[in-house]
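Just below is one structure, and these are the notes that go with it.
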Amino acid sequence: MEAADVFLPVIAWCRTRQSQDSQAEARRQKRRLKLLAFQRLRLKKLRETWRLREKVYKRSKLRRLCSHDALMKAITHQFLRDHRRQRPKVWLHPRTSDWWENTAATFTDHEWLQHFRVSRETFSYLCATLNPQLKRQDTNYRLCIPLEKRVALTLYKLAHPCDYRTVADLFAVGVASVCHCVHEFCTVVIEVLKPQLVVTPNTFQLENIEECFHHTYQIPQCIGVLDSMNITISRPPHLNSEKPDRESYLAILFQAVVDDKGLFWDLSMSCPTWVNDNNGELLVCEDFSTRMHNVCRTDNSCVVIGDAGYPSKNWLLKPSTNTSGLTAEQELLNTQIIAARSVAHYAFERLNGRWRCLSRRNDCNVEIVKDMVETCCVLHNLCEKNNDMCLPDWIGQEPLQTVDENPQQNGDAESLDDLLQLIQDSAE
């Protein structure tokens, strides 16, 4: 009993001590949690403080920038008010466009026709038709060339034998801009207007052409007249052939078929070649011969009239060159063919008279020259259909550079009226 009395107080003390230690550990854990919560709250307040300071800094910086911009604007305004600001030369060269804006606006219909070779109605039609492809938009750097000005300077370049710099000075634009406008206009005209104005006639139209030629010139089954002209060009850099003689010059052979109204319905152009006017031989392009063969059909029910210098083709009707041993019927046929060929000669005269760029040597690229010739033909058909005037002084400015004809074909007839009268007398 005495041992139990001794150990019981010890056990009670140990339990008390253990309880005290547990309470102390709980208090320490509570203090640690409070300290951690305090640190988190303090960190949160520090973050909010930094955010607030950053906002204040940004606002003050923005305020300083605004004040700086306002100051710079005020300085710039003061400088511009005291000193006239000069335009940078890299963007715009000062030019005057009084001729187009003031002088051309006061042109009469006759003066407009003299300068641009088309009537005002045809000019408006070109602008309206080509507007989707040619119209440009202004930019922040410069104003674009207006559509009417682009069309007008191109027509002026095609209508007059002048260089690009002359057109550039007249319309107050750059030389490169004139080149770009002319090339772009020709491309758009070929894409848009050529399928409408220069097309192969259908069966009904061919019958009307045959009837007209038969009624006027007493030639049956004729659907057109073939003629040619040489477009003089500069020597391309890729051409390796040498000039054969002093009288030869480099040119593109342009061939076209004309209907009874003087409208072109088929065009063909050869590669650049050396041409001598003393050589009376003429060539026919292969693709052109194929097209004519398909149009005239394999049974030769239709023919095209051509010069005696062309090679013999089953679709080509040409006069006889040996006039010494001809019968009366053959002489009459020669006279009729010569009279019918005047339709093509007159059409080429009007083409060359309207568009004088065809009468001088062209320094452009070969493909661009071909596009310009096609464009002139399309515009010729458009002017003829719109009944635009072709003044006589245009045709009389220079002789037409057509291929040489055989002078013996003319016989005793001196004019078209004499030929027609001779045909009618023979028919009677």
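Computed from heavy atoms alone, side chains included, the values below leave out hydrogens, waters and symmetry copies. Not measured: the values here are computed from a predicted model.
- Here the closest heavy-atom approach between residue A339 and residue Y217 is recorded as O-CE2, 3.4 Å.
- When all heavy atoms are compared, the tightest approach of I223 to F213 is C-CE1, 4.4 Å.
- In terms of modelled atom types and a separation under 3.5 Å, the side chain of H115 and the main chain of Y156 share no donor-acceptor contact.
- Listed by first and then second residue, the salt bridge (charged side-chain N to carboxylate O under 4.0 Å, His left out) pairs that reach into residues 260-270 are D266-R291, sequence neighbours excluded.
- Side chain of D307 to backbone of Y310: no donor-acceptor contact under 3.5 angstrom is found.
- The heavy-atom pair separating W265 from V295 by the smallest distance is CH2-CG1, 4.0 Å.
- Rounding to the nearest 0.5 angstrom, the gap separating the SG atom in C376 from the CG atom in L267 is 11.0 Å.
- For the pair C181 and I145, the tightest heavy-atom approach, listed with the atom from each and the gap, is SG-CD1, 4.1 Å.
- A distance-only check finds no donor-acceptor pair linking the side chain of N230 to the backbone of L253 [under 3.5 Å].
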Residue pair M372, W355: steps toward the side-chain contact (heavy atoms from CB on, under 4.5 Å) verdict: CA-CA 10 Å; M372 293 176 68; W355 314 112; over 6 Å; no
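- H380 contributes a side-chain N or O that, together with a main-chain N or O of G262, makes up a donor-acceptor pair within less than 3.5 Å.
- Geometrically, R47 does not engage W50 in a cation-pi contact, judged by NZ or CZ lying under 6.0 Å from the ring centre and within 45° of the ring axis.
- For Q29 and R32, the side-chain atoms include at least one donor-acceptor pair closer than 3.5 Å.
- Residue N362 is tested with V369, I368, T232 for a side chain to side chain contact (heavy atoms under 4.5 Å, CB included); the sole match is V369.
- The 12-atom threshold is not exceeded at CD of Q18, counting heavy atoms of other residues, nucleotides or ligands nearer than 6.0 Å.
- With hydrogens and angles disregarded, no donor-acceptor distance shorter than 3.5 Å links the side chain of T129 to the backbone of L126.
- A donor-acceptor contact shorter than 3.5 Å is absent between the side chain of N334 and the backbone of P319.
- Panel note: side chain H183, backbone C179; a donor-acceptor pair is recorded below 3.5 Å.
- No hydrogens or angles considered: a donor-acceptor pair under 3.5 Å links the side chains of W394 and Q114.
- Nearest heavy atom pair, residue P311 against residue K318, reads C-NZ, 3.8 Å.
- Here the side chain of Q205 pairs a donor or acceptor atom with the backbone of N202 at under 3.5 angstrom.
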Worked verdict on R354 versus L379 for side-chain contact (heavy atoms from CB on, under 4.5 Å): CA-CA 9 Å; R354 275 197 178 99; L379 295 177; over 6 Å; no
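- Here salt bridge (charged side-chain N to carboxylate O under 4.0 Å, His left out) pairs that include residues 150-161, with residues two or more places apart or in two chains, are R150-E184.
- Among residue pairs with one or both ends in residues 363-380, those qualifying as salt bridge (charged side-chain N to carboxylate O under 4.0 Å, His left out) are K194-E374, R361-D363; sequence neighbours excluded.
- Side-chain polar atoms of E349 and H345 form a donor-acceptor pair below 3.5 angstrom.
- A donor-acceptor contact under 3.5 angstrom links the side chains of S119 and D388, judged on distance only.
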Stepwise side-chain contact (heavy atoms from CB on, under 4.5 Å) test for V178 and F171: CA-CA 9 Å; V178 175; F171 286 86; over 6 Å; no
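- With D259 contributing its side chain and L263 its backbone, the two residues share a donor-acceptor pair below 3.5 Å.
- Q218 and Q336 get closest at one heavy-atom pair: CB-NE2, 3.4 Å.
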